[in-house]
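Below is one structure; the comments refer to it alone.
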Amino acid sequence: MLDINLFREEKGGNPELIRESQRRRYKDVGLVDKVIELDKAWRVKSFDRDQLKKDFNALNKQIATKRKAKEDATELQEQSKELKKSIEVANEAEKEAATARDQAIGVIGNLVHDSVPVNDDEEHNEIVRTFGTPRTKEDAKYNHVDLVGLLGIVDLEAGQAVAGGRGYYLMNYGVLLNQALINYGLQFLTSRGYCPVHTPFFMRKNIMAETAQLSDFDEQLYKVSGEGEDKYLIATSEQTISSMHRQNWYEPKQLPIKYAGYSSCFRKEAGSHGRDTLGIFRVHQFEKIEQFVLSTPEGDESWKLMDEMLKNAEDFYQSLGIPYQVVNIVSGELNDAAAKKYDLEASFPASQSFRELVSCSNCTDYQSRRLEVRMRAPKTVVDNQKVYVHMLNSTLSATERALCCVLENYQTPDGVRVPEVLQPFMMGVKFIPFVNDLNKKGQLIPRKNKIYDPLFASKDTFRVWFAGSAPAGLRGAVDFVFSSSKAEACVGSSEGATDVPEGEAKEKVAAGSDVVALFHDKVVAGGVAVLKFLCAETQAPFFPPAAEEDQCLKVDSVLDWYLQVSEGKTMAAEKVKSDVLPQLESWLAEAKFLGGQKYMTTADIVLACELVDQKRQTKDKAFCADFAAVAKWLKVVEKALK
C-alpha cells in the first residue's frame with residue numbers, strides 16, 4: 001500500500017503524483033480524492049478521541065486533588081465513567097475511519113515508474129532486447145501439447161480424472177526433466193549469492209491479506225479447510241518469503257538480502273478460463289524457482305538490483321539455449337504492487353510465438369509497508385519518518401512451463417535432445433525418444449520404430465543398427481521377425497547413432513557392418529548371422545531346424561547369394577531385374593519356396609521384402625510380370641508378410 005503522507009499536501013505529499021499514476025494505470029483517479037476525504041474524516045475522529053482523552057486526564061487530576069483533600073469526588077467519578085465510555089466509542093469510530101481509509105488506499109496501485117510505457121494494451125509492450133534466432137515452423141513442427149504425448153511423459157487423462165480440469169501426472173522423463181530444471185535453477189542462483197529457501201505451501205488468511213492482491217483471493221487463491229482456522233494455498237513463494245520478514249527491522253548494512261525460493265504453487269487461473277487448457281503450460285499446480293530480494297530504499301539501489309535479477313533470468317535461458325525477447329510491460333497491465341515490470345518471453349517455435357516465462361518486478365515499498373518490514377532510519381531522516389525496505393521479485397523458472405519451452409526448442413523427428421546444462425541432473429541422459437506417433441487424425445498411437453530408451457526400456461529389448469546403405473530385403477526381414485514374434489525391439493541407423501554402447505557393438509558399427517544386433521550382452525554382426533540370431537532368440541520359425549542340416553545349408557546358400565549380389569548395399573531396380581529375378585524364377589520352377597523348401601523361410605522373407613520395396617520405389621505393379629513363378633510366389637509370401 002502507498003504511504004498516507006503522499007496524499008497529505010500539508011505533510012509534503014503530492015496527490016497529483018498519485019492521480020497521474022492512476023491515469024497511467026487506466027484506473028479510477030477519483031479514488032485518490034476518496035482517500036483524501038476519508039483521511040480528513042479519520043483526522044476528525046482522531047482529534048475528537050484525543051480531546052476526550054485530554055478531558056478524561058484532566059478530570060482524573062481533579063478527582064485526585066479532591067481525594068487528597070478528602071473531599072467528595074462522587075460526581076466527578078460518575079463523569080469519569082461516562083467519559084471513559086465515550087472514549088471507547090470514539091476509539092471504535094477512529095478505528096473504523098482508519099480501516100475505511102486504509103481499505104481505500106489498498107486498491108490504489110504503486111506509483112508507476114516514469115520509464116514504463118503508458119498504454120493499456122499489452123500489444124504495445126516495449127521490446128527491450130532479444131536473444132537468439134527462433135526455429136522455423138518447418139523445423140519444429142510439434143507443439144508442446146503434442147510433444148508430451150509423443151514422449152509419453154505426461155498422463156493428462158488420468159490427471160484430469162483424479163484432479164479435475166488441468167490436472168496431470170508427470171511420468172518417467174517428465175519427472176526427471178522437471179526436477180532437472182528445479183535443481184539446475186537452485187544451483188544457478190546459489191552460485192550467484194542467493195540463499196535457497198523451501199517455503200510453506202499455505203498461509204493464514206490474515207497473513208496472506210498482507211501480501212496478496214485483493215483480487216487474487218477470488219481469481220487465484222485456493223482456500224483449504226482443516227483443523228483450526230482456514231488457510232490459503234500459495235500462488236508463488238514471493239508471498240511466503242515476503243511474509244517471513246513481516247514486522248522486522250534491518251540495519252542498512254544487512255541489505256540486500258537475496259533468496260532463491262522453491263515451492264509448489266497453486267492457482268485457480270479463474271481469469272484465464274478457456275486459455276491454454278491443453279497440455280501443462282497453464283495448470284493449477286506447478287513448481288517454481290523464484291528470485292526475491294529485500295533492498296535498501298536509498299538512491300537507485302533497488303533499480304540496480306532489478307537489473308541484476310533480470311540478468312540472472314536472461315543468463316539462465318541463454319545457458320539453456322532458448323531464444324527470447326525482454327519486454328517492458330505497459331502501465332495498464334501492471335499488477336498493483338509493481339512500479340515497473342519486465343517479462344522475458346521465450347520462443348515457442350511450433351506456434352511461431354513468444355510466451356511469458358519470467359516476470360521481474362520492483363515493488364519498491366508497496367508490499368513492505370503493509371508487512372511492516374522496515375530499515376532503521378539514517379540520521380538524515382527527520383520527523384521520525386518510517387523507512388521501509390524495497391521488495392523485488394522475479395521468476396527464474398516456472399518449471400512445467402519452462403519444460404514445454406525446452407521440448408519445442410529441442411525437438412527432433414525422433415524425440416527431444418536434453419540441453420547440455422541439464423544433462424548432469426538427468427542421470428547423463430542426452431536424448432529422450434518418442435514412444436508414440438500421431439496418426440492422420442492427430443491421435444496418439446504406439447511408435448512402430450522405437451528408439452532405445454536407456455533408462456526405461458525393458459532389459460529384453462533387442463537393439464539393431466543398420467548401415468545407411470543396407471539392402472532393403474535385409475531391413476524388411478528383420479522388421480518382420482520382430483513384428484511376428486512381438487519382441488521388444490529398437491531398430492535404427494548406425495550413421496551418427498548416439499545410442500550404441502561402448503565395446504564390441506560400437507566396434508562392429510565402426511567397422512561398417514551392414515547390420516549389427518545386440519541382445520543382453522551378445523553382439524552379432526552381418527546379415528545372415530543376425531537373421532539366424534534373431535530367429536533363434538525370438539523363436540521365430542523361419543529357419544529349418546538344426547537337425548535338418550541339408551535344408552539349413554540350402555537356405556544359407558540363398559541368403560549368401562543375395563548378400564553377394566547386393567554387395568550388402570541397396571540395389572538399383574535394373575540390377576534386380578537383370579540378376580535377381582531370373583535366378584529366382586529358376587529356383588521357384590523347382591519348388592514352391594526358395595531353397596527347395598516346402599514352407600516359407602528367412603530366404604523367402606528377405607527376397608520378398610526386396611521385391612516389395614522395389615515395387616514401391618519404382619511404383620511399378622507389374623515389376624515381376626515377366627516371371628510367372630516369381631509373381632505367384634511373391635503373391636503368397638507378400639500375403640504372409642502382411
Side-chain angles (χ1 to χ4, degrees), residues 115-148 166 177-178 181 184-185 188 236 265 267 269 271-272 274-283 286-291 306-307 309-335 338 340-361 393-412 416-417 419 421-422:
S115 62
V116 173
V118 178
N119 204 287
D120 64 343
D121 185 351
E122 62 183 10
E123 292 297 319
H124 291 87
N125 289 340
E126 176 191 348
I127 298 177
V128 178
R129 56 184 163 270
T130 62
F131 169 79
T133 302
R135 295 177 68 175
T136 63
K137 171 71 174 175
E138 294 71 27
D139 188 37
K141 67 176 183 177
Y142 295 120
N143 63 37
H144 60 90
V145 179
D146 292 334
L147 287 165
V148 296
R166 302 183 194 265
L177 189 54
N178 195 58
L181 286 164
Y184 175 55
F188 186 90
T236 167
C265 303
R267 296 185 183 180
E269 298 287 1
S272 59
R275 292 172 54 196
D276 300 309
T277 55
L278 301 176
I280 58 171
F281 182 85
R282 189 184 301 275
V283 288
F286 57 94
E287 284 68 50
K288 183 151 73 93
I289 306 299
E290 180 85 1
Q291 302 178 74
M306 184 183 193
D307 291 339
M309 295 165 77
L310 180 59
K311 186 177 187 305
N312 289 339
E314 288 192 65
D315 289 350
F316 180 78
Y317 287 98
Q318 286 182 23
S319 73
L320 286 168
I322 302 292
Y324 65 80
Q325 63 184 21
V326 173
V327 296
N328 188 357
I329 300 300
V330 294
S331 56
E333 290 294 322
L334 293 175
N335 60 298
K340 182 177 183 177
K341 184 171 77 163
Y342 290 112
D343 276 3
L344 184 151
E345 300 175 340
S347 169
F348 280 73
S351 58
Q352 292 294 286
S353 63
F354 287 89
R355 308 294 301 274
E356 175 215 327
L357 292 190
V358 171
S359 285
C360 178
S361 302
N393 64 83
S394 173
T395 320
L396 185 75
S397 175
T399 55
E400 278 80 0
R401 183 171 290 196
L403 187 152
C404 292
C405 186
V406 168
L407 296 184
E408 285 205 17
N409 281 279
Y410 279 85
Q411 64 177 289
T412 74
V416 171
R417 293 181 294 111
V421 293
L422 297 183

State, yes or no, whether a side-chain contact exists between Glu314 and Leu344 at a heavy-atom distance under 4.5 Å. yes
From Asp120 atom CG to Glu122 atom CD, the distance as rounded to the nearest 0.5 Å: 10.5 Å
Ile289 vs Phe188, test: side-chain contact (heavy atoms from CB on, under 4.5 Å). Steps then yes/no. CA-CA 10 Å; Ile289 306 299; Phe188 186 90; over 6 Å; no
Those residues that, when tested against Gln352, pass side-chain hydrogen bond (donor to acceptor under 3.5 Å, both in side chains) (two or more places apart): none
For His144 and Leu278, the nearest pair of non-hydrogen atoms, with its separation, is CE1-O, 4.3 Å
Hydrogens and angles aside, do Ser353 and Ser351 bring a side-chain donor and acceptor to less than 3.5 Å of each other? yes
Is the charged tip of Arg355 near the ring of Phe281: under 6.0 Å from the six-membered ring centre and within 45° of its axis? yes
Heavy atoms of Ala350 and Asn143 approach each other most closely as CB-CA, 3.4 Å
Nearest 0.5 angstrom please: Thr136 OG1 to Lys141 NZ, how far? 12.5 Å
Counting heavy atoms not belonging to Lys137, are there more than 12 under 6.0 Å from its NZ? yes
Sorted by chain and residue number, the salt bridge (charged side-chain N to carboxylate O under 4.0 Å, His left out) partners of Asp307 (sequence neighbours excluded) come out as none
Note: Glu333-Lys341 ion pair, threshold 4.0 Å (strictly below): no
Give a yes or no on whether the backbone of Arg282 and the side-chain of Arg166 come within a donor-acceptor separation of less than 3.5 Å. yes
Ring pair (Phe, Tyr, Trp, His ring centres under 6.0 Å) partners for Tyr410, two or more places apart: none
Go through the side-chain N and O atoms of Asn312 and Gln291 and say whether any donor and acceptor fall under 3.5 Å apart. yes
With sequence neighbours left out, what residues match Lys288 under salt bridge (charged side-chain N to carboxylate O under 4.0 Å, His left out)? Glu290
Return the minimal non-hydrogen interatomic distance between Pro323 and Asn409, and the atom names on each side. CD-OD1, 3.6 Å
Output the distance between atom CG (Leu334) and atom OG (Ser361), rounded to the nearest 0.5 Å. 7.5 Å
Kindly give the heavy-atom pair with the smallest separation between Cys404 and Ile280, and that separation in Å. SG-CG1, 3.6 Å
Would you say Tyr342 and Ser359 are linked by a side-chain donor-acceptor pair, where the criterion is simply a distance under 3.5 Å? no
Donor-acceptor pair, distance only, cut-off 3.5 Å: does the side chain of Asp343 make one with the backbone of Glu345? no
For the pair Cys405 and Leu357, evaluate side-chain contact (heavy atoms from CB on, under 4.5 Å) and give the outcome as yes or no after the intermediate values. CA-CA 9 Å; Cys405 186; Leu357 292 190; 4.0 Å; yes
Please report the C-alpha distance between Ser319 and Tyr184 in whole Å, then the side-chain angles of each, then the deciding distance to 0.1 Å, and finally whether the side-chain hydrogen bond (donor to acceptor under 3.5 Å, both in side chains) criterion is met. CA-CA 11 Å; Ser319 73; Tyr184 175 55; 2.6 Å; yes
Could you list the residues that satisfy ring pair (Phe, Tyr, Trp, His ring centres under 6.0 Å) with Tyr324, not counting sequence neighbours? Phe131
Got a sec, which residues hit salt bridge (charged side-chain N to carboxylate O under 4.0 Å, His left out) with Glu408, two or more places apart in sequence or on another chain? none
Could you tell me the separation between the CZ atom of Phe286 and the OG1 atom of Thr236, rounded to the nearest 0.5 Å? 7.5 Å
Correct closest heavy-atom pair for Val116 and Ser331 would be CG1-N, 3.6 Å
Closest non-hydrogen atoms of Val330 and Asn125, given as atom of the first, atom of the second and distance, are N-OD1, 3.0 Å
For Leu403 and Leu181: C-alpha separation, side-chain torsions, deciding distance, then whether side-chain contact (heavy atoms from CB on, under 4.5 Å) applies. CA-CA 8 Å; Leu403 187 152; Leu181 286 164; 4.0 Å; yes
So how far is it from Asn335 CG to Ile329 CD1, rounded to the nearest 0.5 Å? 10.0 Å
So, the side chain of Gln411 versus the backbone of Tyr142: is there a donor-acceptor pair under 3.5 Å, distance only? yes
Gap between atom CE of Met309 and atom CG of Asn393 - 0.5 Å precision: 6.0 Å
Criterion side-chain contact (heavy atoms from CB on, under 4.5 Å) on Arg129 and Gln325, from CA distance to verdict: CA-CA 6 Å; Arg129 56 184 163 270; Gln325 63 184 21; over 6 Å; no
Do Val421 and Leu320 come close enough that some side-chain heavy atom pair is under 4.5 Å? yes
Is the shortest side-chain heavy-atom distance between Ile127 and Val326 below 4.5 Å? no
